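Values below: all heavy atoms of this structure, side chains included; hydrogens, waters and symmetry mates excluded. Naming: A, B, ... by sequence-line order, numbering from 1 per chain. Just so it is clear, the structure is predicted and the values come from calculations on it, not from any experiment.
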Amino acid sequence: MKGRIVYIEELKKHVGEEVEIRGWVYNKRSSGKVRFVIIRDGTGFLQCVMVKSNLADEVFELYDELSLETSVIVKGKAREDRRAPGGVELELQDLKIMGKSVNFPIPKVREDNIPDVGVLLPIRHLWLRTRKQWALMRIRHTVEKAIHDFFDKNGFIRIDAPILTPSACEGTTTLFETDYFGEKAYLTQSGQLYMEAACMAHGRVYCFGPTFRAEKSKTRRHLMEFWMVEPEIAYAELPDIMENAERFVSYIVERVLEERKEELKTLERDISKLEHVSPPFPKISYTEAVEILKKKGFKFEWGEDFGGDEETAISEEFDKPVIVHRYPAKIKAFYMKRDPQNPELALCMDMLAPEGYGEIIGGGQREDSLEELEKRFDEYDLPKEAYEWYLDLRRYGTVPHAGYGLGIERTIAWISGIKHVREAIPFPRLLEKIYP
RNA sequence: UCCCCGGUAGCUCAAUCGGUAGAGCACCUGGCUGUUAACCAGGGGGUUGGGGGUUCGAGACCCUCCCGGGGAGCCA
């Protein structure tokens with residue numbers, strides 16, 4: 001076969017030319033002697049037209065073998081046509097079947113016939129080929145790219161945190177344990193403590209990578225393995241990172257709206273809910289949040305932590321992400337700096353996404369005093385020996401510093417408007433599920 | 001670990017008071033020279049998750065086990 005090899009996304013530039021497209025059969029329709037084959041190649045979808053009178057019989061007959069997901073190389077002339085989805089179609093001249101596909105297990109997607117997740121999850125490797133999952137992965141790519149661009153433009157250095165760690169970062173959640181040459185080691189649940197070290201070397205740093213929680217959580221907001229981005233800034237205090245976080249999230253949303261309009265449309269996302277996401281975000285204290293809950297009839301005592309329902313109720317009050325700051329220190333991690341105005345409070349903040357997507361950011365100002373931190377180790381009953389390196393950061397030129405972590409999958413789920421975070425990651429690791 | 005919902009054709013779901021298991025999609029056969037989730041006509045396809053019980057009779061009611069889902073706790 002001749003013809004320039006092109007991708008569907010650039011086909012508009014080749015109208016009138018003979019081109020070759022390499023992809024997979026997405027769907028087909030026939031009207032007898034005019035047949036339509038929809039091909040996808042990873043960059044888009046293309047309608048190919050097979051006209052009996054214009055094709056060799058043996059090519060025209062190949063239509064019968066084009067079951068869903070058959071891989072094909074097609075050659076034809078690109079032309080504009082209003083009747084073609086996307087406005088451009090290929091008048092087919094030749095077709096070669098590369099690999100057959102018999103009884104592809106995911107049926108053509110109709111609104112009333114979407115297989116259950118119990119069916120789809122074990123075939124995630126094939127599920128990824130479907131239109132919505134394809135759109136989601138492209139949005140994920142843009143979210144990740146935007147993250148790196150934002151921090152790069154703002155003078156941050158990317159520092160990779162270790163995956164294998166000698167001890168818990170926060171000491172609370174259950175970790176995955178592994179054997180490290182006879183020693184116990186754990187899969188990281190946060191790169192934060194390492195970023196605190198790195199920001200004392202580089203000023204502004206961030207890490208980006210997977211984190212692991214062995215919690216028995218089985219909800220639409222939880223994965224055992226998820227990705228997190230964690231910036232940390234030396235000489236920053238709580239207001240600085242609240243401001244940074246709202247600019248950061250706004251930038252991500254803006255980039256997705258710019259670059260992934262089509263994908264959001266495929267997902268039927270109401271983008272009017274994203275268009276006004278820009279700084280400043282509403283900022284309320286924990287105490288004010290508790291008042292909102294009480295006004296809404298929740299049975300809630302000051303001092304408790306918010307559950308899923310509470311978070312949803314609070315975020316419902318606002319049309320963009322809301323920052324809740326200064327939680328009771330007791331329900332927060334040991335490294336949080338206490339509020340000098342009220343030592344019962346921690347200088348921390350969470351960002352709650354709208355529409356019930358929950359907490360997408362958690363962070364705060366870190367305790368920078370050696371004496372205070374040592375006291376905290378006793379209070380939280382943590383082994384000081386394991387954290388000597390962390391205490392060193394306070395022994396050698398300590399400064400105020402602050403940072404936060406943003407959950408990638410929750411952010412993608414919110415922006416995309418999907419129900420469950422498991423669709424925001426290519427191969428989700430779920431409770432007691434690690435296949436494929 | 002606990003609570004709630006569910007399991008019927010390959011997929012999504014029906015099945016009235018307990019009375020002969022059905023539809024759409026997929027698949028197969030035929031038709032159609034512009035289809036848009038194509039359409040039209042026909043066809044094959046079921047130990048109703050397993051076991052036990054009640055009953056003249058159970059997909060449905062009872063007991064029990066298994067599997068799936070999402071919620072609590074915990075968290076991004």
Ring centroid separation A:Phe306 to A:Tyr327 under 6.0 Å: yes

Short side-chain donor-acceptor distance under 3.5 Å, A:Gln189 and A:Thr211: no

Ring center gap for A:Phe45 and A:Trp134 short of 6.0 angstrom: yes

Candidates B:G34, B:C11, B:C75 - which lies nearest the side chain of A:Gln47: B:G34

Partner of A:His148 by ring-ring contact (aromatic ring centres under 6.0 Å, His included), out of A:Tyr251, A:Phe248, A:Phe208, A:Phe156: A:Phe208

Below 4.0 Å: OP1/OP2 of B:A72 and any side-chain N or O of A:Arg221: yes

N/O (side chain, A:Lys28) to phosphate O (OP1/OP2, B:A26) under 4.0 Å: no

Aromatic plane relationship, A:Phe377 with A:Phe334 - under 30° parallel, 30 to 60° tilted, over 60° perpendicular: tilted

Side chain A:Arg422 and base B:G70 donor-acceptor under 3.5 Å: no

Any strand: nucleotide that pairs with B:A41 via Watson-Crick or wobble, under 3.5 Å: B:U29

Polar atom pairs between nucleotides 2-7 of chain B and protein, under 3.5 Å, N or O only, would you list them?
none

Sugar-phosphate only, base, or nothing, as touched by A:Val421 at under 4.0 Å among non-hydrogen atoms: nothing

Chi angles and distances behind the salt bridge (charged side-chain N to carboxylate O under 4.0 Å, His left out) call for A:Lys145, A:Glu259: CA-CA 11 Å; A:Lys145 182 75 165 39; A:Glu259 298 172 23; over 6 Å; no

